[in-house]
Chemist: 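First, the structure itself, so that you have it in front of you.
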Amino acid sequence: MQYCEIAPPLPTFKRWYAMHRKYPGCSTLRSLEYERLQATNIFGQVLDVGGGEQSNTNMLLSKADRVDSINISPEMKPTYLVTMDAPFPVENNIYDVVVCLNTLEHVFDTTSMLLEIHRVLKTGSTLYITVPFIFRIHASPDDYFRATPSWWKETLNSVGFSRTELSPLVWGRYTTAAEICNYGFLPKAATKQCAYLKDIVYSRLMFRGIDTYDGRRGERICSVSLGWFISSTK
């Protein structure tokens, strides 16, 4: 399998303004996920694993010809209501895209689900995954694991994907630290904005002449990412 890690963009005032205008009230991780997904062209027949009619991410799939969904929760109103770890009730090789957003950390047998996703994708089609890394436990109904890039590389290779790209979802060290501390004792909104701005200033001082978290210093910042954005081609 071909594998590469993509350095994420540096935080900027332009990105800060756009994220707060488009995704008010979202966590930093969710805002970074939405920003990345909105920049991704998702067309054709799509399967949303973990989605449904009530999913907040439907707005990001508006260019698709058709969106089916799988979920264990009837409240999400999925196309296919399933039990945990059950095979998908769909045929082989029928979807142009599968998206799996903030779902796999809630699945105990993640590899089996990835095998099912691989089965229903057409050859040459793409799976998009977002998952948390340095982020609080959030049971829905359970929260099982946080995986490193090495784990994703080896697992997606073993499942049968031919190419994988992984990009850290990170704004900066100060923002990650604020998330870990649940924004401390000061008002959350003020602490959050302060962390955002400190990361912008730091990146401008330490990454002159480039626009991504590149190099050894960038690698250290990416090692404290809130999550990962992963694309894998069958």
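In this text, all values refer to a predicted model and were calculated from it rather than measured experimentally.
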Chemist: Side-chain contact, heavy-atom cut-off 4.5 Å: Glu5 with Lys153?
Modeler: no

Chemist: Can you give me the closest heavy-atom contact between Ser231 and Thr126, atom names plus distance?
Modeler: CB-CG2, 4.2 Å

Chemist: Would you mind checking if Arg217 and Glu219 are paired as a salt bridge, meaning a charged N to carboxylate O distance below 4.0 Å?
Modeler: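 A salt bridge is absent here (no side-chain N lies under 4.0 Å from a carboxylate O).
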
Chemist: Between Trp228 (side chain only) and Ala147 (backbone N and O only), is there a donor and an acceptor less than 3.5 Å apart?
Modeler: yes

Chemist: With side-chain contact (heavy atoms from CB on, under 4.5 Å) as the test, would you mind laying out the steps for Tyr17 and Lys22 before giving the verdict?
Modeler: CA-CA 9 Å; Tyr17 175 77; Lys22 293 179 180 178; over 6 Å; no

Chemist: Does Gly52 offer a backbone N or O that forms a donor-acceptor pair with the side chain of Asn58 under 3.5 Å?
Modeler: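 Yes, Asn58 side chain to Gly52 backbone: donor-acceptor pair under 3.5 Å.
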
Chemist: When you compare the side chain of Val201 with that of Lys198, does any pair of heavy atoms fall below 4.5 Å?
Modeler: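 No, their side chains stay 4.5 Å or more apart.
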
Chemist: Side-chain heavy atoms under 4.5 angstrom apart, residues restricted to Ile, Leu, Val, Met, Phe, Trp, Tyr: same cluster for Phe135 and Tyr144?
Modeler: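 No, separate clusters.
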
Chemist: Using a 3.5 Å distance criterion without hydrogens, assess whether the side chain of Asp109 forms a donor-acceptor pair with backbone atoms of Asp85.
Modeler: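 Pair absent, no side-chain N/O of Asp109 close to backbone of Asp85.
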
Chemist: Membership question, hydrophobic clusters at under 4.5 Å side-chain separation (ILVMFWY): are Ile6 and Val99 in the same one?
Modeler: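 Not linked; separate clusters.
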
Chemist: Is Asn92 close to Ile94 at the side-chain level, that is, under 4.5 Å between some pair of heavy atoms?
Modeler: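 With C-beta onward as the side chain, the pair stays apart.
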
Chemist: Mind checking the OG1-CG spacing from Thr40 to Leu60? Nearest 0.5 Å is all I need.
Modeler: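 Thr40 atom OG1 to Leu60 atom CG measures 9.0 Å (nearest 0.5 Å).
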
Chemist: Are the ring centres of Phe145 and Trp151 closer than 6.0 Å?
Modeler: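 Yes, close enough.
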
Chemist: Would you say Ser225's side chain and Pro168's backbone share a donor-acceptor pair under 3.5 angstrom?
Modeler: no

Chemist: State plainly whether one hydrophobic cluster holds both Val67 and Ile129, where clusters connect Ile, Leu, Val, Met, Phe, Trp and Tyr through side-chain heavy atoms under 4.5 angstrom apart.
Modeler: no

Chemist: For His118 and Phe161: C-alpha separation, side-chain torsions, deciding distance, then whether ring-ring contact (aromatic ring centres under 6.0 Å, His included) applies.
Modeler: CA-CA 7 Å; His118 185 272; Phe161 286 94; 5.0 Å; yes

Chemist: Within the distance-only criterion (no hydrogens, no angle test), does the side chain of Lys234 pair as donor or acceptor with the backbone N or O of Leu121 below 3.5 angstrom?
Modeler: yes

Chemist: Are the side chain of Ser167 and the backbone of Phe229 linked by a donor-acceptor contact shorter than 3.5 Å?
Modeler: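 No, the answer is negative, given that no donor and acceptor are paired below the 3.5 Å cut-off.
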
Chemist: Would Asp199 and Arg173 pass as an ion pair if we require N to O under 4.0 Å?
Modeler: no

Chemist: For a 4.5 angstrom cut-off between non-hydrogen side-chain atoms, does Phe43 reach Asp96?
Modeler: no

Chemist: What are the two closest heavy atoms between Pro8 and Val170, and how far apart are they?
Modeler: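 Looking at all heavy atoms of both residues, the closest pair is CG-CG1, 3.7 Å.
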
Chemist: Tyr128 vs Ile230, test: side-chain contact (heavy atoms from CB on, under 4.5 Å). Steps then yes/no.
Modeler: CA-CA 6 Å; Tyr128 295 105; Ile230 304 165; over 6 Å; no

Chemist: Short question: side chain of Glu116, backbone of Phe88 - any donor-acceptor pair under 3.5 Å?
Modeler: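 Yes.
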
Chemist: Could you check whether any side-chain N or O of Thr57 sits under 3.5 Å from a backbone N or O of Ser55, counting only pairs where one atom can act as donor and the other as acceptor?
Modeler: no

Chemist: So, Glu33 and Arg30, do they make that salt bridge, N to O below 4.0 Å?
Modeler: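 Answer for the salt bridge query: yes.
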
Chemist: Given 3.5 Å as the limit, does a donor-acceptor pair link the side chain of Arg36 with the main chain of Ser31, or not?
Modeler: no

Chemist: Taking the side chain as every heavy atom from C-beta outward, state whether Glu165 and Gln2 have any atom pair closer than 4.5 Å.
Modeler: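 Sidechains of Gln2 and Glu165: no contact.
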
Chemist: Determine whether Tyr213 and Phe207 satisfy the following criterion, ring-ring contact (aromatic ring centres under 6.0 Å, His included), listing intermediate values before the conclusion.
Modeler: CA-CA 8 Å; Tyr213 275 128; Phe207 294 88; 5.3 Å; yes

Chemist: Would you say Val224 and Phe133 make side-chain contact, with heavy atoms under 4.5 Å?
Modeler: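 Contact flag for Val224/Phe133 side chains = no.
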
Chemist: Parallel, tilted or perpendicular: which fits the ring planes of Trp171 and Tyr196, with parallel below 30° and perpendicular above 60°?
Modeler: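 Ring orientation of Trp171 relative to Tyr196: tilted.
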
Chemist: More than 12 heavy atoms of other residues, nucleotides or ligands under 6.0 Å from CD1 of Ile137: is that the case?
Modeler: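 No, the 6.0 Å shell around CD1 holds no more than 12 heavy atoms from other groups.
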
Chemist: What distance do Leu10 atom CG and Ile200 atom CD1 have between them, rounded to the nearest 0.5 Å?
Modeler: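 So the gap between those two atoms works out to 10.5 Å.
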
Chemist: To check you understand the geometry: which heavy-atom pair defines the closest contact between Ala178 and Ala195, and what is its length?
Modeler: CB-CB, 4.1 Å

Chemist: Mind running side-chain contact (heavy atoms from CB on, under 4.5 Å) on Met113 and Leu104 for me, showing each step along the way?
Modeler: CA-CA 8 Å; Met113 179 166 282; Leu104 291 175; 3.6 Å; yes

Chemist: Between CZ of Arg163 and OG1 of Thr233, what distance do you get to the nearest 0.5 Å?
Modeler: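 The OG1 atom of Thr233 is 7.0 Å from CZ of Arg163, to the nearest 0.5 Å.
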
Chemist: Looking at Ala18, is its backbone amide N or carbonyl O close enough to the side chain of His20 to form a donor-acceptor pair, meaning the two atoms are under 3.5 Å apart?
Modeler: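 No: the side chain of His20 does not pair with the backbone of Ala18.
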
Chemist: Report the distance from atom CG of Leu226 to atom CG of Leu169, rounding to the nearest 0.5 Å.
Modeler: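 It is 8.0 Å, given to the nearest 0.5 Å.
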
Chemist: Between atom CE of Met76 and atom CD1 of Ile70, what is the distance when rounded to the nearest 0.5 Å?
Modeler: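 If we round to the nearest 0.5 Å, Met76:CE and Ile70:CD1 are 13.5 Å apart.
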
Chemist: Is Arg146 salt-bridged to Glu105, cutoff N-O under 4.0 Å?
Modeler: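 Judged by the 4.0 Å cut-off on N to carboxylate O distance, Arg146 and Glu105 do not form a salt bridge.
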
Chemist: So if you build clusters from Ile, Leu, Val, Met, Phe, Trp, Tyr with side-chain heavy-atom gaps below 4.5 Å, do Val49 and Val131 land together?
Modeler: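 Val49 and Val131: one cluster.
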
Chemist: Do we see a donor-acceptor contact under 3.5 Å between the side chains of Glu179 and Tyr174?
Modeler: no

Chemist: Does any non-hydrogen side-chain atom of Asp68 lie less than 4.5 Å from one of Tyr95?
Modeler: yes

Chemist: Please walk me through it: do Glu75 and Gln54 pass side-chain contact (heavy atoms from CB on, under 4.5 Å)?
Modeler: CA-CA 8 Å; Glu75 288 78 15; Gln54 300 300 312; over 6 Å; no

Chemist: Tell me the closest heavy-atom pair linking Ile72 and Pro141, and the distance in Å.
Modeler: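 So the two residues come closest at CD1-CD, 3.9 Å.
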
Chemist: Is any side-chain heavy atom of Leu29 less than 4.5 Å from a side-chain heavy atom of Thr130?
Modeler: no

Chemist: Between Leu197 and Trp16, which heavy-atom pair has the shortest distance, and what is it?
Modeler: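 That closest heavy-atom pairing would be CD2-CE2, 4.5 Å.
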
Chemist: Can you give me the closest heavy-atom contact between Val82 and Pro89, atom names plus distance?
Modeler: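 Result for this residue pair: CG1-CD, 3.8 Å.
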
Chemist: Look at the side-chain heavy atoms of Ile, Leu, Val, Met, Phe, Trp and Tyr, link any pair under 4.5 Å apart, and say whether Val46 and Leu37 land in one connected group.
Modeler: yes

Chemist: Just verifying a value: how many Å separate Met19 CE and Cys26 SG, rounded to the nearest 0.5 Å?
Modeler: 9.0 Å

Chemist: Check whether the side chains of Thr164 and Ser232 place a donor and an acceptor atom closer than 3.5 Å, and report yes or no.
Modeler: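 Looking only at side-chain atoms, Ser232 and Thr164 do form a donor-acceptor pair, the distance falling under 3.5 Å.
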
